[in-house]
Amino acid sequence: MKFRIGLAACAVIAVANIASAQQPYNIAEKSISDLRNAIYAKQLTPTEITQLYLTRIDEIDHNGPKLNSVIEVNAQALDEARQIEVEKTNGTSKGNGKLYGMPILVKDNLDATGMVNSAGSLALKDHRPTKDSTVVEKLRDAGAIIIGKSNLSEWANFRGNRSTSGWSSRGGQTKNPYALDRNPCGSSSGTGTAIAASLAAAGIGTETDGSIICPSAVAGLVGIKPTVGLVSRAGIIPISASQDTSGPMARTVEDASLILEVIAGPDERDKATLQIPESMTFDFAKRLKPDALNGKRIGFIKNSGDYHPDLAKAFAKAQEDMKRLGATLVPVTIPTKGQWDDAEFQVLLYEFKDGLEAYLRESNAPYKTMKELIEFNRKNADTVMPYFAQELFEKANAKGTLKEKEYLDAKAKARSLAREKGLYAVMDANKLDAVIAPSTSPAWLTDPINADHFTGAGYGMAAVAGTPSITVPMGDVHGLPIGITFMAKAWQEHKLIELAYAYEQATKHRKAPTYQPSISLQPQKTTLRVVTLNIFHDKNEWLTRRPQITDTLRELQPDAIALQEVIQTENTANQATVLAYDLGYHATFVSTDPKGQAKRYGNAILTRTTPTRTAETKLNPLDDSRTAVMTEIEKDGKRFAIFDTHLNFENNANGERIRSEQVGDLVQFIDKNRGNAITVIAGDFNTVSNARELGKLTATFHSAYDAIHTDANRNERDHTTLNPKFFSEERDLRRIDHVFYDARKLAPNNSERLFLKPDRKGVYATDHFGVIADFTVN
């Protein structure tokens, strides 16, 4: 039996004008570190950040696409934000401040004072706990604002046999933000959708078997299911004491790790947390290592034929990525796979009744027993059970106490098969650091009549074993995100987080949702977005413009950024290195004058994913600062070679004309290093005639070149791509549809975002020049 149950079951953008900012702040896709930096720079206050998210919830969740992911907004959120500001100013903050000013959404099965805790059931629509759950208490102590509660699968998907993930009688149906007719999966469905749509800085989910991992995966998120006992369950509506846990759901590994730092730790209200090893530390976000996969042995669960074909292809690509990052990949088979299902189900039935009734009594809920809830559902069947019944409630209610032999045997059997004879046996036999598997299938169509259409997952073993797992974006299938799950032994969260971070940083698969009504069934295309930008500024101007440049490029999310006229800045660090650090990109051959003279400059290419190959050459032996750089990256299984050049045929930095044979050497360098990849040339050519001359030279070679270029001559009007036969020539690999923009074709708002500043003649000045080009490959 497959579960997607969370704790209690496995389960356009207009923002307020910010007075302290010169322009409205775009909150979408911002990380916790982005928001903290904005606070420290006095660009935003916690109150303003909270208002931005509240506005976004109203415009996207309640209106617009109507995602229906937030079941209740905290009416006191702004007051709480103002209060933490006062405490910060007065020096009276009681917590560690790690999440100061960060609005967080929590699932509607965690007690949070001031709001209802209902598990999505109308039976508890008036249940207002008088004490925070331990998780919420820790979040607030760290300076977080609980901005609201997220919708979930009613009773966390453990009420009836034919449930639809993301539906509750109190909250209705949550949608998947990537395709509104698709399912958000699992019981933490509201948290997954809301955080993917940037309705809060991060969120809290709960899991019994898959309800953090599954909704995170289909929403392009990072989700961490901790070892059972690392995070307190006190004040959370339960299913299973053996498998329940709460955990973070966020847009980055770093954000999820920081949330876990805050909520982890022992708690007298939950005895399982007292088993945390004394040596365990909670500094998860401080030990992130981009090279953590190097030298590790990773076991991958072999495809038994039950993976979706595109999922299997993406999983194979992930393995190749890890090999490239220095890991050894070992095929493994779980000998006990699936043998724990029946025993697990019995454990959940027993523990659900026992744990739920204890919660109802202790929190003074309006109903105190499962029998009373069953009767409520029967009396209100039209509204509570319009699509599916309550078979699981009835089976759980028929169970006895936790002292019965059937329960004790089932508990021992499930844990042994999943942990000692499953995960641990495979890791020990193969000397593995972790085991990986696809998190789950692409999201299915939501169907309340026929219920969920679930086609497999890789998270069940860790759920039943009570061990940690983490999902990270692995790509997409027709625009639907898919994830990869890392699993390890109990209390090895540090190791898993480091491995997941290294994979995330090297691949950068997360994409923001676009709220499409449905997916396109046309053959998938790959779009490579390249931005070429001239960033020649004096030191003071660069320091002033750097935050705006970073924010704009982060919003555009290009696959590659070609930078011309890179100069040295403070402490001899060059602009490209600084920009790469700000964006989390990889910098390839940051070429600057070896003497470090600020007036000398070179080129660099920044890429979201780790390059598979790089090369560098001088354009002119007489000018060390003029170079050509190449980096090769992969996207959706397709390889792109990106070249960046800074070329003036008329004369070099020493005033001498560059000879055609030297340009020919450059062309041969490009062709030699191109390999079997689609080539994009992103250059800063000082005249259009230069571009044409290089185009003629490249035309003599067998490969076709697709190009974007910046024009440093302010008076030139005739912009062109390098290859004059671009739209008719057949490529050696495949045909490419090319969307080309020069500065004058960009919409005004894009021009501003790329910092294109017209001179007195209305032509864009060289030192503020930028071009966006999207190359779409069939």
Side-chain angles (χ1 to χ4, degrees), residues 6-8 93-100 102 104 106-107 109-113 117 129-144 146 188 202-208 212 223-250 255-287 351 354-355 358-359 362-363 402 411 415 419 462-470 487-498:
L7 200 97
S93 301
K94 59 180 179 179
N96 54 40
K98 289 183 178 181
L99 296 177
Y100 173 69
M102 297 299 108
I104 305 294
V106 300
K107 186 175 177 180
N109 59 353
L110 282 80
D111 289 349
T113 54
N117 196 22
T130 58
K131 181 178 176 60
D132 284 336
S133 60
T134 300
V135 167
V136 169
E137 182 180 284
K138 288 188 172 187
L139 289 170
R140 283 176 162 156
D141 283 349
I146 308 302
S188 301
I204 299 295
T206 62
E207 174 166 328
T208 301
I212 288 174
I224 302 178
K225 184 204 85 73
T227 302
V228 172
L230 183 65
V231 177
S232 173
R233 287 86 52 90
I236 303 178
I237 299 174
I239 286 180
S240 167
S242 296
Q243 294 179 206
D244 285 352
T245 186
S246 182
M249 299 167 69
D255 284 359
S257 302
L258 181 60
I259 298 291
L260 187 60
E261 275 191 15
V262 169
I263 64 176
D267 175 24
E268 288 292 339
R269 297 171 65 192
D270 182 357
K271 302 303 181 185
T273 65
L274 304 183
Q275 300 174 17
I276 298 174
E278 291 185 6
S279 60
M280 183 93 177
T281 60
F282 309 124
D283 55 342
F284 305 112
K286 295 178 182 177
R287 295 170 57 179
E351 293 184 346
D354 180 81
Y359 170 85
E362 293 168 7
S363 66
L402 301 189
K411 181 180 178 181
R415 177 59 60 91
R419 183 184 279 201
V464 181
T467 53
S469 57
I470 178 170
M487 295 170 277
K489 294 182 179 181
W491 318 114
Q492 291 188 346
E493 277 78 2
H494 281 106
K495 179 182 291 185
L496 284 187
I497 287 170
E498 289 175 356

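This structure is a prediction, so every number in the text was calculated from the model and none was measured.
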Using the test side chain to side chain contact (heavy atoms under 4.5 Å, CB included), find all partners of Thr273 that sit at least two apart in sequence or belong to another chain. Ser232, Pro266, Asp267, Asp270, Ile276

If only side-chain N and O atoms count, and only distance matters, is there a donor-acceptor pair under 3.5 Å linking Arg140 with Thr113? yes

Taking all non-hydrogen atoms of both residues, which atom of Ser133 and which atom of Ile236 are closest, and how far apart? CB-CG1, 4.4 Å

Measuring only between side-chain heavy atoms, which start at C-beta, is Leu260 closer than 4.5 Å to Leu230? yes

Mind checking what makes side-chain hydrogen bond (donor to acceptor under 3.5 Å, both in side chains) contact with Lys131, not counting sequence neighbours? none

Within-4.5 Å side-chain heavy-atom neighbours: Ile259 and Ile104: yes

Check: Glu268 and Leu274 side chains under 4.5 Å, non-hydrogen atoms: yes

Where do Lys107 and Ser188 land on the side-chain hydrogen bond (donor to acceptor under 3.5 Å, both in side chains) test, with the steps shown first? CA-CA 7 Å; Lys107 186 175 177 180; Ser188 301; 2.9 Å; yes

Donor on one side chain, acceptor on other, Ser363 and Asp111, under 3.5 Å: no

At their closest point, which heavy atom of Ala264 faces which heavy atom of Lys138, and how far apart are they? O-NZ, 2.9 Å

Among all residues two or more places apart in sequence or in another chain, which pass the side chain to side chain contact (heavy atoms under 4.5 Å, CB included) test with Ala490? Thr227, Arg419, Tyr424, Thr467

Taking all non-hydrogen atoms of both residues, which atom of Arg269 and which atom of Gly235 are closest, and how far apart? NH2-N, 4.0 Å

Are any side-chain N or O atoms of Arg233 and backbone N or O atoms of Ala241, one a donor and one an acceptor, separated by less than 3.5 Å? yes

Heavy-atom donor-acceptor pair, Arg415 side chain to Ala465 backbone, under 3.5 Å: yes

Considering non-hydrogen atoms only, spot the tightest contact between Ile204 and Pro248 and give its length. CD1-CA, 4.4 Å

For Lys495, give me all partners under salt bridge (charged side-chain N to carboxylate O under 4.0 Å, His left out), at least two apart in sequence or on another chain. Asp433

State, yes or no, whether a side-chain contact exists between Thr206 and Ile212 at a heavy-atom distance under 4.5 Å. no

If every non-hydrogen atom of Ala250 is compared with every non-hydrogen atom of Ala202, which pair is closest and at what distance? CB-CB, 4.2 Å

Taking distance alone, no hydrogens or angles, what donor-acceptor pairs closer than 3.5 Å link side-chain atoms of residues 277-286 to residues at least two apart or in another chain?
{"residue": "Thr281", "atom": "OG1", "partner": "Asp283", "partner atom": "OD1", "Å": "2.9"}
{"residue": "Asp283", "atom": "OD1", "partner": "His494", "partner atom": "NE2", "Å": "2.9"}

Side chain to side chain contact (heavy atoms under 4.5 Å, CB included) between Val106 and Val135, intermediate numbers included: CA-CA 9 Å; Val106 300; Val135 167; 5.7 Å; no

Looking only at heavy atoms, what is the nearest atom pair of Glu493 and Pro468, with distance? OE2-CB, 3.3 Å

Would Tyr359 and Asn109 satisfy side-chain hydrogen bond (donor to acceptor under 3.5 Å, both in side chains), going step by step from the backbone distance to the final call? CA-CA 11 Å; Tyr359 170 85; Asn109 59 353; over 6 Å; no

Those residues that, when tested against Tyr100, pass side-chain hydrogen bond (donor to acceptor under 3.5 Å, both in side chains) (two or more places apart): none

At what distance, to the nearest 0.5 angstrom, does CD1 of Ile224 lie from CD1 of Ile470? 4.0 Å

Spell out, as yes or no, whether a donor-acceptor pair under 3.5 Å connects the side chain of Asp244 to the backbone of Pro238. no

Strictly distance-based, threshold 3.5 Å: is any side-chain N or O of Ser246 a donor or acceptor partner for the main-chain N or O of Gly205? yes

Can you check whether Leu99 reaches Leu139 side chain to side chain, under 4.5 Å on heavy atoms? yes

Do side-chain atoms of Lys225 reach the backbone of Thr245 as a donor and acceptor pair under 3.5 angstrom? no

Please confirm whether the backbone N or O of Ser242 pairs with a side-chain atom of Glu351, one donor and one acceptor, at under 3.5 Å? yes

Any donor-acceptor pair under 3.5 Å from Gln492 side chain to Lys489 backbone: yes

